[in-house]
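Just below is one structure, and these are the notes that go with it.
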There are 2 protein chains.
Amino acid sequence: MGSSLAITNRSLHDQVASRVRDLIIEGTLEPGSRIDEAHLIEELGVSRTPFREALRTLAAEGLVIVRPSKGSIVRKLTPEDVFSMLEVLGHLERLAGELACERATDAEVADLIALHERMMACYRTRERMPYYKMNQEFHARLAELSKNETLREMQANIQARLKRIRYIGNQKPDSWAGAVADHEDMVRALKDRDGPLLGEAMASHLKKTWERVKDSL
Amino acid sequence: MGSSLAITNRSLHDQVASRVRDLIIEGTLEPGSRIDEAHLIEELGVSRTPFREALRTLAAEGLVIVRPSKGSIVRKLTPEDVFSMLEVLGHLERLAGELACERATDAEVADLIALHERMMACYRTRERMPYYKMNQEFHARLAELSKNETLREMQANIQARLKRIRYIGNQKPDSWAGAVADHEDMVRALKDRDGPLLGEAMASHLKKTWERVKDSL
DNA sequence: TACGTGCTATATGTATACAAAATACATGGA
DNA sequence: TCCATGTATTTTGTATACATATAGCACGTA
């Protein structure tokens with residue numbers, strides 16, 4: 001089920017929004033740089049209408065800033081922005097951890113732990129990119145296990161805004177090692193279904209993320 | 001400062017977004033109902049382009065749902081939606097309370113307490129509408145005092161989604177009395193700059209809000 | 001040379017026109 | 001009568017055209 005024989009239900013502006021979102025997250029469109037409408041619609045092969053609608057969506061998501069009559073730019077995060085996002089994210093994920101311990105099924109917990117094991121395998125072989133992607137997924141999946149849709153949505157939103165930054169975070173080997181240790185703690189607490197402990201682990205993990213990241217801003 | 005002599009910098013889609021947002025919040029556009037594009041652009045005196053851009057913004061904010069090729073509807077909150085929002089909001093405001101105690105200036109605290117006093121005056125004379133508005137402002141201002149812009153933004157977003165619902169909340173007299181008691185607790189903790197206590201008060205206030213509201217869904 | 005002024009080019013904002021899809025309706029057959 | 005199919009009408013989606021605002025530049029003046 002799911003995809004089956006669905007053709008192309010998504011409207012153009014949805015597709016454009018996804019595409020441009022990716023361009024921003026992966027850094028092809030640099031933070032602070034102007035978004036050249038004429039150039040991008042050429043590239044994407046669409047007209048201005050769906051493109052501009054997509055921009056409005058991304059603006060509401062906080063990835064883009066529209067300056068009336070002066071064009072749009074990719075939002076550039078100040079250190080204060082990043083700090084405030086990590087502060088909030090830490091508390092959201094604390095909540096997610098607590099709720100997940102109460103609400104997730106055993107199968108869901110097992111799945112998440114399996115993902116963790118694969119992450120650890122990547123760490124041992126120092127494959128940064130796969131590790132990075134699995135890490136994003138780990139946090140997103142934990143938010144899902146809270147069975148709280150609003151929490152999942154907010155977590156996803158902040159995580160998207162921070163994606164660029166966090167990739168930089170684990171550049172230094174000992175930072176990476178630290179993050180891995182944090183994750184071991186989380187999984188242990190999750191296995192035991194110790195909500196408060198997992199919550200603490202999440203919050204502390206994100207506090208440390210700030211330490212790991214702040215110098216590269 | 002602020003307004004000074006600025007003429008009209010806001011673009012049409014911004015104005016339309018604000019206008020329609022208000023129509024949704026105040027209930028003129030009913031939850032679950034179709035948004036009649038042709039009719040509304042006539043009413044607002046704008047063309048479809050800025051109107052549709054505004055719709056995309058509201059969709060990203062979670063107030064509107066766009067169903068591809070089938071038009072847009074005002075999002076109708078299920079009880080689960082409301083519960084999940086209040087759960088998250090409770091924890092966000094707990095954080096806001098803790099941070100505000102640490103970071104707000106004495107003057108800011110005094111201002112907020114003054115607002116509280118005015119709210120109480122409205123309660124004594126049973127002026128529901130002014131009370132309701134000041135209450136919204138109270139929570140928004142507390143979020144500001146956290147000096148965390150992300151927190152302020154997320155709080156505002158969830159509060160906007162819930163506005164309709166919460167107006168219903170204090171219909172019953174004893175519910176209203178309960179909310180007032182909660183607020184007295186908050187202000188006491190704020191006066192003492194007791195962060196953990198204020199945090200607890202906020203979280204508990206929003207848990208009770210669910211109790212107050214759930215039957216009218 | 002430095003600054004201000006007005007013009008031109010370009011980019012942005014909005015309206016309209018055209019295309020495609022969905023819905024409502026009517027007609028015909030079982 | 002009920003359902004199916006085809007057609008008309010309405011609504012939504014996208015492209016383009018037009019209007020307006022901004023920014024860059026050349027020129028003139030102090």
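Just so it is clear: chains get the letters A, B, ... in the order the sequence lines come, proteins before strands, and each one is counted from 1.
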Can a donor-acceptor pair be found, under 3.5 Å and without considering hydrogens, that links the side chain of S18(B) to the backbone of D14(B)? yes

Enumerate the protein-to-nucleotides 15-21 of chain C contacts in which both atoms are nitrogen or oxygen and the separation is below 3.5 Å.
residue	atom	partner	partner atom	Å
dA15(C)	OP2	S47(B)	N	2.8
dA15(C)	OP2	S47(B)	OG	2.7
dA15(C)	O5'	S47(B)	OG	3.4
dA15(C)	N7	T49(B)	OG1	2.7
dA15(C)	N6	T49(B)	OG1	3.4
dT16(C)	O4	T49(B)	OG1	3.4

Between CD1 of I73(B) and P of dT12(D) the distance, given in whole Å, is 12 Å

So salt bridge (Lys or Arg N to Asp or Glu O under 4.0 Å) across residues 85-94 of chain A, not counting sequence neighbours, yields E87(A)-R103(B), R94(A)-E200(A)

For residues 65-75 of chain A, the salt bridge (Lys or Arg N to Asp or Glu O under 4.0 Å) pairs (sequence neighbours left out) are R75(A)-D81(A)

Rounded to whole Å, the CG-P distance (L55(A) to dA11(C)) equals 15 Å

Contacts satisfying ring pair (Phe, Tyr, Trp, His ring centres under 6.0 Å) that involve residues 56-88 of chain A (not counting sequence neighbours) are F83(A)-W210(A)

Taken to the nearest whole Å, CD1/I41(B) to P/dT12(D) is 11 Å

So ring pair (Phe, Tyr, Trp, His ring centres under 6.0 Å) across residues 139-158 of chain A, not counting sequence neighbours, yields H139(A)-H183(A), H139(A)-H205(A)

Residues pairing under ring pair (Phe, Tyr, Trp, His ring centres under 6.0 Å) where one sits in residues 90-118 of chain B, two or more places apart or in two chains, turn out to be none

Which protein N or O atoms sit under 3.5 Å from an N or O of nucleotides 7-11 of chain D?
none

note: R56(B), atom CZ; dT12(D), atom P; distance rounded to Å ~ 14 Å

Taken to the nearest whole Å, CD/E37(A) to P/dT14(C) is 12 Å

Residues 107-121 of chain B vs salt bridge (Lys or Arg N to Asp or Glu O under 4.0 Å), sequence neighbours excluded, gives E108(B)-K147(B)

Ring pair (Phe, Tyr, Trp, His ring centres under 6.0 Å) pairs touching residues 38-68 of chain B, sequence neighbours excluded, are none

In whole angstroms, the gap separating C1' of dT14(D) from CG of D14(A) amounts to 14 Å

Whole-Å distance, I35(B) CD1 to dT12(D) P, equals 10 Å

